[in-house]
There are 2 protein chains.
Amino acid sequence: MDQQIVMKAPLFAALDDETASALVASMTPQSMHRGDVLFSEGDRGDSLYVIITGKVKLGRASGDGRESLIAVLGAGEMFGELSLFDPGPRLTSATVVSETDVIALGNEDLQKFLAEHPAVAMKMLAGLARRLRRTNEGLSDLVFTDVPGRVAKALLDLGTRFGEPSAEGVKVNHDLTQEELAQLVGASRETVNKALADFASRGWLVLGAKAVTILDIDRLRRRAR
Amino acid sequence: MDQQIVMKAPLFAALDDETASALVASMTPQSMHRGDVLFSEGDRGDSLYVIITGKVKLGRASGDGRESLIAVLGAGEMFGELSLFDPGPRLTSATVVSETDVIALGNEDLQKFLAEHPAVAMKMLAGLARRLRRTNEGLSDLVFTDVPGRVAKALLDLGTRFGEPSAEGVKVNHDLTQEELAQLVGASRETVNKALADFASRGWLVLGAKAVTILDIDRLRRRAR
DNA sequence: CACCTACTGTGACCTGCGTCTCAGCCAACA
DNA sequence: TGTTGGCTGAGACGCAGGTCACAGTAGGTG
């Protein structure tokens, strides 16, 4: 299995190769495709996941049909650990966005592992702290920044995480529909569409199928803040 | 010092009395009053705080003068630890909201302490996980819930944390101006004022100086969700 | 290849809430 | 005791963005 990729996850970053590969070997891998659900709100949360390849979205549903996305995660990222540390049902659902391989680690195994490797526990603290900060950031964006600004931010963020330099710009294969993008920035699909169209008409980016190519990253940055 | 109260903080909850009181003794207490700033955005974050009595607000400022509140914390609650686990400047400022006593614990002391008491590290993980969940909750509220609904939620939350049963209802001394309440729910002062006035006119609550008394908690709950 | 379903693009309309403004109120302080 | 400054209450107005409606496009399946 792609040892390399797994090692990027905070869970494993602190480990020497042997320990890490032993741990990875003990975890159960699974392949899934778009639309597959890893877990839903209300499920009992008994394992943590690490993404090998592909992307997964974490979301919450409102009483009526609406949905909002907490995050979109890619290779090397970890999720689902919250209900291990803070026992209780899952408050979020995890859905596969593109062809994805993940490995899962059960609750007891994780507890045992953390007890044996306190350095990893510290890494996890650091990881959670970072996520808390980013989430707080997201909160104030929602208050301070208008929709086009949030769209720009989201694209830049997706760009740094999933973008790859191409002919004339950064190609970002986010694998998200505009609907999902809208749920991610907390706006309606239509408004996001218009923001994207506007950016494109200014030549800041080119729209593609579940992807964008960022041409003028500086303008986009300026629009974001 | 109020040993009892300190022991409520997740940091100490797992400790036996001796260890806890030894630790508390090593921490420097300070008394502050409304408006005092514990730290500001950009400061280098080198200590964590535990509130003995009083309340503290955590906030972020936008480029222009606007401000948004991340949380309002009371006795027994802890803050400022994020920049210890995830090194870097503070991304949030901490300001005293009412007469407050806090104790501070320096970075190195904390690191040492966590290394010696792994059970406490696990408690901290649990604490961060819980906060992350609540913050995610706040995020989706901002998208799904209208301003009056968010005001109702905020009051209920403040109620469970700071409320005390009184003659006819729950008296909530939140110590916040309507301006601060507005920053907490991500809305304008005026809109929050109108929501409060509306709730009061329906007899769900009575407004007081930096306080409310909740009369009909069920109605308020129903309005919140 | 034809059909269907999911997705994107765009305009028209409507509304919740922000902004502006001003008027009372109370506490602090000279 | 009057004055000043922070806080609350409330109306008028405008706009960002939500909702609705529909048209065009592309990928997937028989």
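Numbers restart at 1 for each chain; the letters A, B, ... are given by sequence-line order, proteins then strands.
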Indicate yes or no for a side-chain donor-acceptor contact from A/Arg44 to the backbone of A/Pro89 under 3.5 Å, with no hydrogens or angles considered.
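Not confirmed, A/Arg44 side chain does not pair with A/Pro89 backbone.
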
Counting N and O atoms only, with roles assigned by atom type, does the side chain of A/Arg130 sit under 3.5 Å from a partner on the main chain of B/Asp86, one being a donor and the other an acceptor?
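No; judged by distance alone, with no hydrogens or angles, the pair does not exist.
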
Measure up the A/Phe79 and A/Tyr49 rings against each other and bin them: parallel (under 30°), tilted (30 to 60°), perpendicular (over 60°).
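Judged by the thresholds at 30° and 60°, the geometry between A/Phe79 and A/Tyr49 is parallel.
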
Candidate list A/Lys153, A/Arg225, A/Arg223, test salt bridge (charged side-chain N to carboxylate O under 4.0 Å, His left out), partner A/Asp146, passing option
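Among A/Lys153, A/Arg225, A/Arg223, the one that satisfies the salt bridge (charged side-chain N to carboxylate O under 4.0 Å, His left out) with A/Asp146 is A/Arg223.
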
Which heavy atom of B/Ser98 sits nearest a heavy atom of B/Lys55, and at what distance?
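So the two residues come closest at OG-N, 3.2 Å.
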
Might you point out which heavy atoms bring B/Lys210 and B/Thr177 nearest each other, and give the distance in Å?
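Heavy atoms of B/Lys210 and B/Thr177 come nearest at CE-CG2, 3.7 Å.
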
Give the B/S/- string for nucleotides 4-22 of chain D, one per nucleotide from 5' to 3', where a protein heavy atom under 4.0 Å of the base yields B, of only the sugar-phosphate yields S, and otherwise -.
---SBBBBB----SBBBB-

Angle between the end axes of the helix from C/dC1-D/dG30 to C/dA30-D/dT1, five pairs per end, to the nearest 10 degrees?
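Both end axes considered, the difference amounts to 30°.
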
Under the criterion side-chain hydrogen bond (donor to acceptor under 3.5 Å, both in side chains), I'd like the reasoning laid out for B/Thr145 against B/Arg150: C-alpha separation, chi angles, the key distance, then a yes or no.
CA-CA 6 Å; B/Thr145 313; B/Arg150 298 197 314 259; over 6 Å; no

Under the side chain to side chain donor-acceptor pair (under 3.5 Å) definition, can you give me all pairs with a residue in residues 63-72 of chain B, not counting sequence neighbours?
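Residue pairs passing side chain to side chain donor-acceptor pair (under 3.5 Å), neighbours aside: B/Ser62-B/Asp64.
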
Could you state the NE2-C1' distance from A/His33 to D/dG28, rounded to the nearest angstrom?
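Distance, rounded to whole Å: 15 Å.
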
